[in-house]
Amino acid sequence: MINNNFEDVVMNRKSVKVFDETVKIPQAEMDEIIQKATKAPSSVNMQPWRFLVVESDEGKDKLRPLIRFNTRQNDTSAEMVVIFGDMQNYEHGEEIYNSAVEHGMMPEDVKDEMLAKVLPYYKSLSKAEMNDIIKIDSSLAAMQFMLVARAYGYDTNPIGGFERDQIAEAFDLDPERYEPVMIVAIGKEKNPGHDSYRLPVDTVTRHV
Ligand SMILES: Cc1cc2nc3c(=O)[nH]c(=O)nc-3n(C[C@H](O)[C@H](O)[C@H](O)COP(=O)(O)O)c2cc1C
């Protein structure tokens with residue numbers, strides 16, 4: 001069941017902290033949600049986001065000591081989705097641009113020109129510069145993931161409070177390569193999320 005009411009999806013999204021423990025999201029449905037989340041834009045379309053779907057009891061046991069005050073979400077959510085940014089995302093550059101040509105999305109000469117520019121540029125970036133890029137791109141995917149999840153009838157909580165320096169290794173990922181961005185708890189709400197105040201538009205906006 002897809003909720004196509006965009007107003008409802010956006011305006012009624014709230015961080016949910018306590019989920020219905022009996023609800024799990026089937027892998028095929030989770031893959032669909034992730035596939036739609038990855039329609040998010042990214043710098044030079046390099047798509048540096050990587051999703052680690054923690055669904056098993058063993059996986060959640062590994063997460064529990066690493067997520068500080070967020071254990072309720074870990075214990076009750078259907079899944080905890082750890083979103084990483086791949087510092088070596090350019091390794092997929094050829095695949096992305098060649099596939100665009102194969103699918104008729106880009107002419108061959110544009111692909112050649114783009115790859116000749118983008119790959120050396122990305123490889124030349126400092127760690128700090130690449131870190132900024134993957135965090136911006138992956139955050140867009142995380143937001144889109146949360147909205148798509150709502151369209152599928154699920155609720156989420158973005159989580160930034162966790163041990164960033166330990167999470168990749170805990171799941172046998174290279175910590176130099178995979179930079180944790182955010183964890184998104186997902187499931188069906190048990191306790192509704194609270195309303196939260198937003199600053200007025202004129203406080204956060206300047207027209208020039
Ligand atoms: C990057 C980020 C990190 C967050 N970290 C946590 C967290 O560690 N624990 C938590 O309960 N909520 C966390 N939140 C949720 C915020 O508290 C929540 O989004 C905010 O209060 C607005 O409420 P709403 O999501 O219901 O609109 C985080 C949100 C973001 C965007």
Side-chain angles (χ1 to χ4, degrees), residues 1-42 45 47-86 134-164 167-168 170-171 173 178-198:
M1 285 271 283
I2 302 280
N3 175 3
N4 279 323
N5 184 339
F6 188 71
E7 185 74 4
D8 174 61
V9 165
V10 172
M11 297 307 286
N12 294 323
R13 184 208 55 78
K14 293 172 192 174
S15 286
V16 164
K17 315 284 171 93
V18 182
F19 297 89
D20 177 346
E21 291 172 57
T22 62
V23 174
K24 284 277 179 194
I25 303 173
Q27 188 174 328
E29 195 177 17
M30 177 59 82
D31 288 351
E32 232 177 275
I33 295 171
I34 292 173
Q35 188 251 321
K36 291 183 180 179
T38 64
K39 284 289 286 175
S42 61
N45 197 25
Q47 307 163 46
W49 40 68
R50 306 288 178 258
F51 298 83
L52 176 75
V53 182
V54 180
E55 55 198 7
S56 63
D57 289 343
E58 296 81 359
K60 286 190 162 193
D61 286 345
K62 273 189 194 168
L63 262 188
R64 194 169 296 107
L66 303 179
I67 49 162
R68 301 183 182 166
F69 43 88
N70 295 300
T71 49
R72 271 182 321 169
Q73 298 93 311
N74 189 56
D75 290 343
T76 62
S77 62
E79 279 95 29
M80 296 284 274
V81 180
V82 189
I83 303 176
F84 291 92
D86 181 357
I134 64 174
K135 287 212 169 121
I136 291 169
D137 290 345
S138 302
S139 296
L140 292 174
M143 184 70 251
Q144 187 135 315
F145 177 85
M146 290 188 276
L147 295 180
V148 174
R150 269 194 54 74
Y152 277 72
Y154 297 110
D155 300 286
T156 56
N157 177 207
I159 294 175
F162 60 89
E163 309 304 336
R164 290 180 177 271
I167 202 135
F171 291 93
L173 293 167
Y178 296 102
E179 178 69 26
V181 176
M182 204 182 300
I183 300 177
V184 180
I186 181 171
K188 284 254 189 231
E189 85 171 18
K190 186 169 186 190
N191 300 357
H194 299 294
D195 283 328
S196 54
Y197 175 75
R198 291 302 187 271

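- By the 4.5 Å heavy-atom criterion applied to side chains, Ile34 and Val148 are not counted as neighbours.
- Closest of all the heavy-atom pairs between Glu179 and Ile134 is CB-CD1, 3.7 Å.
- Between the side chain of Arg164 and the backbone N or O of Pro180, at least one donor-acceptor pair lies under 3.5 Å.
- Phe51 pairs in a side chain to side chain contact (heavy atoms under 4.5 Å, CB included) with only one of the listed residues (Asp31, Thr38, Ile33), which is Thr38.
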Residue pair Asn191, Glu189: steps toward the side-chain hydrogen bond (donor to acceptor under 3.5 Å, both in side chains) verdict: CA-CA 6 Å; Asn191 300 357; Glu189 85 171 18; over 6 Å; no
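- Applying the side chain to side chain donor-acceptor pair (under 3.5 Å) criterion to Asp75, with sequence neighbours excluded, gives Arg64.
- By the 4.0 Å N-to-carboxylate-O rule, Asp20 lies too far from Lys190 to be salt-bridged with it.
- Between the side chains of Tyr154 and Glu79, no donor N or O sits under 3.5 Å from an acceptor N or O.
- The backbone N or O of Gln27 lies less than 3.5 Å from no partner atom in the side chain of Glu29, so there is not a single donor-acceptor pair.
- Checking side-chain atoms of Asn70 against main-chain N and O of Gln73 turns up no donor-acceptor pair under 3.5 Å.
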Check against side chain to side chain contact (heavy atoms under 4.5 Å, CB included), Val81 and Leu52: CA-CA 6 Å; Val81 180; Leu52 176 75; over 6 Å; no
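- Considering every non-hydrogen atom in both Glu32 and Tyr152, the closest pair reads OE2-OH, 2.5 Å.
- A salt bridge links Glu163 and Arg68; the closest N-O separation between the charged side-chain nitrogens and carboxylate oxygens is under 4.0 Å.
- Taking each heavy atom of Ala142 and Ile83 in turn, the nearest pair found is CB-CD1, 3.6 Å.
- Of the possible donor and acceptor atoms, one in the side chain of Lys60 sits under 3.5 Å from a partner among the backbone N and O of Asn74.
- Going from atom CZ of Arg150 over to atom CZ of Phe6 covers 11.5 Å, rounded to the nearest 0.5 Å.
- Judged by distance alone, the side chains of Lys188 and Thr22 never bring a donor and an acceptor atom under 3.5 Å apart.
- Residues Ser42 and Leu140 have side chains not in contact (no heavy-atom distance under 4.5 Å, counting atoms from C-beta outward).
- We find the CD-OG distance between Glu55 and Ser77 to be 11.0 Å, quoted to the nearest 0.5 Å.
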Candidate pair Ser139 and Met182, rule side chain to side chain contact (heavy atoms under 4.5 Å, CB included), full reasoning: CA-CA 8 Å; Ser139 296; Met182 204 182 300; 4.2 Å; yes
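- Closest approach of Ala141 to Ala37, counting heavy atoms only: O-CB, 3.8 Å.
- In terms of heavy atoms, Ala149 sits closest to Ile186 at CB-CD1, 3.6 Å.
- Of the candidates Asp195, Asp155, Asn157, Thr156, Lys14 forms a side chain to side chain donor-acceptor pair (under 3.5 Å) with just one, namely Asp195.
- Listed for the Arg13 side chain is no donor-acceptor partner under 3.5 Å among the backbone atoms of Asp8.
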Verdict with reasoning, His194 to Ser196, per side chain to side chain contact (heavy atoms under 4.5 Å, CB included): CA-CA 6 Å; His194 299 294; Ser196 54; over 6 Å; no
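- Counting all heavy atoms, side chain and backbone alike, Met30 lies closest to Ile25 at N-CG2, 3.8 Å.
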Residue pair Val82, Phe84: steps toward the side chain to side chain contact (heavy atoms under 4.5 Å, CB included) verdict: CA-CA 6 Å; Val82 189; Phe84 291 92; 3.5 Å; yes
